[in-house]
Amino acid sequence: MIEDELTRSVAAWYPGATGVAGTLKLSGGASQETWSFEIMTPSGNVDAILRRAPKGYGAAPSRAAGLDAEAALMQLAHQAGLPSPRVLHVLNFDDDLGPGFIMQRVEGETIARKILRDAQFADVRPKLARQLGRIAAGIHGLPRANLPPLRQRTSSEEIGELAREYGSLNWPKPVFELALRWLRDHDPGPPKEVTLVHGDFRNGNLIIGADGVRAVLDWELAHLGDPMEDLGWICVNSWRFGEIDKPVGGFGTREDLFAGYEAIGRKVDAGRVAFYEVMGTLRWGVMCGGMMQRFRMQPDHSMERAMIGRRASETEIDLLRLLAPRA
């Protein structure tokens, strides 16, 4: 039982820990699980999150940074004063929990539709885009010398990978092919600066409170690359959750995002951001297509996969909107 394993683990590294309580599985995919629990101590309980690859799971997907790298990046971000959960412990062999780490739980909301519509976030919503610009700049400013080993690909290599992933779906979509041609024709080439890129910097991977952004989550796709990629990804229409007139996560403007980014001395290249918005939109469409393929071909016909898979058609509309003025 995971409660027994967690109890043995926390007793070894958390001072005064007497056990765990409230263990609850929050998510569990093929490669990673997330558990919520409390570390019990005489002075009070500590809310914690376990993020792990279950025992016996093999290598991480090719785009994934790996759980050890995720933990290291979150530690660096937290130490730099960026809103990132505090990592309490990186799992080792003696923990008998598989690869992963334990972090302190951050209170707040992650469900985008609540953040965009609930009254409790009304005052902070207009400030979020500027806040996120500053946070992205902070992430991109983390010293490369301190980073764990991470993959690095050029925009040309990313386009090639997208083309291969799309081709493997065997699901012809002329709009996707138009987008691939546009990306090849408008490839901006190597950036002036290669930095840490979060890789999934968007609404849904943020913990928001009434005071603003409290934590950036899911560093799974972190890599080295063009910092403008993160700014383009957060503007993808799929992360606006219906608020399409507010391109930054459904709550703000590109101008506010860019102003926040440049407020601490970094520069925005709006043309490169636009390129990565197109690339991000196509990438999400291909990912949705992959979900539909797995729904059709694998024994696990989960409704979630089918629902995500059908969203590929939404990205076709988004791509046509993006490409029409640039055709």
Review point. Got a sec: does the CG of Asp123 have more than 12 other heavy atoms crowding it under 6.0 Å?
Key: no

Check your understanding: Once you round to the nearest 0.5 Å, how far does CG of Leu221 lie from CG of Asp200?
Key -> 5.5 Å

Check your understanding: Any donor and acceptor pair, going by atom type alone, linking the side chain of Asp118 with main-chain N or O of Gln120 inside 3.5 Å?
Key -> no

Check your understanding: Should Glu158 and Arg151 count as an ion pair when the cut-off is N to O under 4.0 Å?
Key -> yes

**Study point:** Main-chain N/O of Glu3 paired to Thr7 side chain as donor or acceptor, under 3.5 Å
**Key:** yes

Review point. Looking only at heavy atoms, what is the nearest atom pair of Ile49 and Arg105, with distance?
Key: CD1-NH1, 3.3 Å

Point to revise | Considering all heavy atoms, the nearest Val236-Gly280 contact | key: CG2-C, 3.8 Å

Practice item. Would you check if the side chain of Glu316 reaches a backbone N or O of Val175 as a donor-acceptor pair within less than 3.5 Å? Key: no

Check your understanding: Counting only N and O atoms by type, is there a donor-acceptor contact under 3.5 Å from the side chain of Thr23 to the main-chain atoms of Phe37?
Key -> no

Review point. If you look at every heavy atom in Arg266 and Tyr261, which pair is closest and at what distance?
Key: NE-OH, 3.1 Å

Check your understanding: Does Leu282 share a hydrophobic cluster with Leu320, counting links as ILVMFWY side-chain heavy atoms below 4.5 Å and allowing steps through other members?
Key -> yes

Review point. With a 4.5 Å limit on heavy-atom distance, are the side chains of Thr281 and Asn237 in contact?
Key: no

Review point. What do you reckon, is CG of Asp185 surrounded by more than 12 foreign heavy atoms closer than 6.0 Å?
Key: yes

**Study point:** Salt-bridge present (Asp218, Arg51; N to O < 4.0 Å)
**Key:** yes

Review point. Mind checking whether Asp226 and Ser155 have side chains closer than 4.5 Å, heavy atoms only?
Key: no

Point to revise | Atom pair CD/CG of Gln32 and Leu50 - distance to nearest 0.5 Å | key: 10.5 Å

Check your understanding: How far apart are the C-alpha atoms of Phe275 and Met228, what are their side-chain angles, what is the distance that settles it, and do they pass the side-chain contact (heavy atoms from CB on, under 4.5 Å) test?
Key -> CA-CA 9 Å; Phe275 171 84; Met228 298 301 101; over 6 Å; no

Check your understanding: Quick check: does any side chain N or O of Tyr14 sit under 3.5 Å from a backbone N or O of Thr41, one acting as donor and the other as acceptor?
Key -> no

Practice item. State plainly whether one hydrophobic cluster holds both Met74 and Leu132, where clusters connect Ile, Leu, Val, Met, Phe, Trp and Tyr through side-chain heavy atoms under 4.5 angstrom apart. Key: yes

Review point. With a 4.5 Å heavy-atom cut-off, do Leu196 and Leu76 have their side chains touching?
Key: no

Review point. Is the backbone of Gly100 close enough, under 3.5 Å, to the side chain of Asp68 for a donor and an acceptor to pair up by distance?
Key: no

Check your understanding: Can you find a pair of side-chain heavy atoms, one from Gln75 and one from Met103, that are under 4.5 Å apart?
Key -> no

Review point. Do His78 and Gln104 come within less than 4.5 Å of each other through their side chains, counting heavy atoms only?
Key: no

Practice item. State whether the side chain of Arg214 and the backbone N or O of Val106 hold a donor-acceptor pair below 3.5 Å, judged by distance alone. Key: no

Check your understanding: Would you say Asp230's side chain and His198's backbone share a donor-acceptor pair under 3.5 angstrom?
Key -> yes

Practice item. Begin from the C-alpha positions of Thr154 and Ser156 and carry the test side chain to side chain donor-acceptor pair (under 3.5 Å) through to its verdict. Key: CA-CA 5 Å; Thr154 65; Ser156 299; 4.5 Å; no

**Study point:** Trace of the side-chain contact (heavy atoms from CB on, under 4.5 Å) decision for Leu97 with Ile2
**Key:** CA-CA 8 Å; Leu97 285 161; Ile2 194 168; 4.0 Å; yes

**Study point:** Side-chain heavy-atom pair Leu206, Leu128 within 4.5 angstrom cut-off
**Key:** no

Check your understanding: Any idea which heavy atoms bring Ala137 and Ile264 closest together, and the distance?
Key -> CB-CD1, 3.4 Å

Practice item. Quick one: closest heavy-atom pair of Gly249 and Leu116, and the distance? Key: O-CD2, 3.5 Å

Check your understanding: Okay, side chain of Trp239, backbone of Cys235: is any donor-acceptor separation there less than 3.5 Å?
Key -> no

Exercise for review: Answer yes if Val216 and Leu67 sit in the same cluster of Ile, Leu, Val, Met, Phe, Trp and Tyr residues linked by side chain heavy atoms under 4.5 Å apart, and no otherwise.
Suggested key: yes

Point to revise | Residue pair Leu147, Arg144: steps toward the side-chain contact (heavy atoms from CB on, under 4.5 Å) verdict | key: CA-CA 5 Å; Leu147 302 179; Arg144 282 191 62 177; 4.2 Å; yes

Review point. Just how far is it from atom CG of Leu91 to atom CH2 of Trp13, taken to the nearest 0.5 Å?
Key: 8.5 Å

**Study point:** Asp269 and Lys267 ion-paired at < 4.0 Å
**Key:** no

Check your understanding: Does Arg283 pair with Glu229 as a salt bridge, N-O distance under 4.0 Å?
Key -> no

Practice item. Just say parallel, tilted or perpendicular for the rings of Trp182 and His186, cut-offs at 30° and 60°. Key: parallel

Exercise for review: Mind checking the CD-CD1 spacing from Glu243 to Ile115? Nearest 0.5 Å is all I need.
Suggested key: 12.5 Å

Check your understanding: If we only count heavy atoms from C-beta on, is the Thr315 to Phe176 side-chain gap below 4.5 Å?
Key -> yes

**Study point:** Close side-chain approach of Ile102 to Leu6, heavy-atom, < 4.5 Å
**Key:** yes

Revision key, fill the gap. OH (Tyr166) and NZ (Lys173) are apart, to the nearest 0.5 Å, by 8.0 Å

Practice item. For His89 and Asp95, test the side chains for any donor-to-acceptor distance below 3.5 angstrom and give the result as yes or no. Key: yes

Practice item. Indicate the atoms forming the closest heavy-atom contact of Ala72 with Pro148, along with that distance. Key: CB-CG, 4.1 Å

Study note, to complete from the structure: In this structure, NE2 of His140 is separated from CG of Leu231 (nearest 0.5 Å) by 6.0 Å

Check your understanding: Are Glu109 and Arg125 close enough for a salt bridge, meaning some N to O gap below 4.0 Å?
Key -> no

Practice item. Treat each ILVMFWY residue as a node, draw an edge where side-chain heavy atoms are under 4.5 Å apart, and state whether Val248 and Val273 are in one component. Key: yes

Practice item. Give the intermediate values and the outcome of side-chain contact (heavy atoms from CB on, under 4.5 Å) for residues Glu255 and Phe258. Key: CA-CA 5 Å; Glu255 290 77 13; Phe258 296 169; 5.9 Å; no

Review point. When clusters are formed by joining ILVMFWY residues with side-chain heavy atoms under 4.5 Å apart, either directly or through shared neighbours, do Leu178 and Leu180 land in the same one?
Key: yes

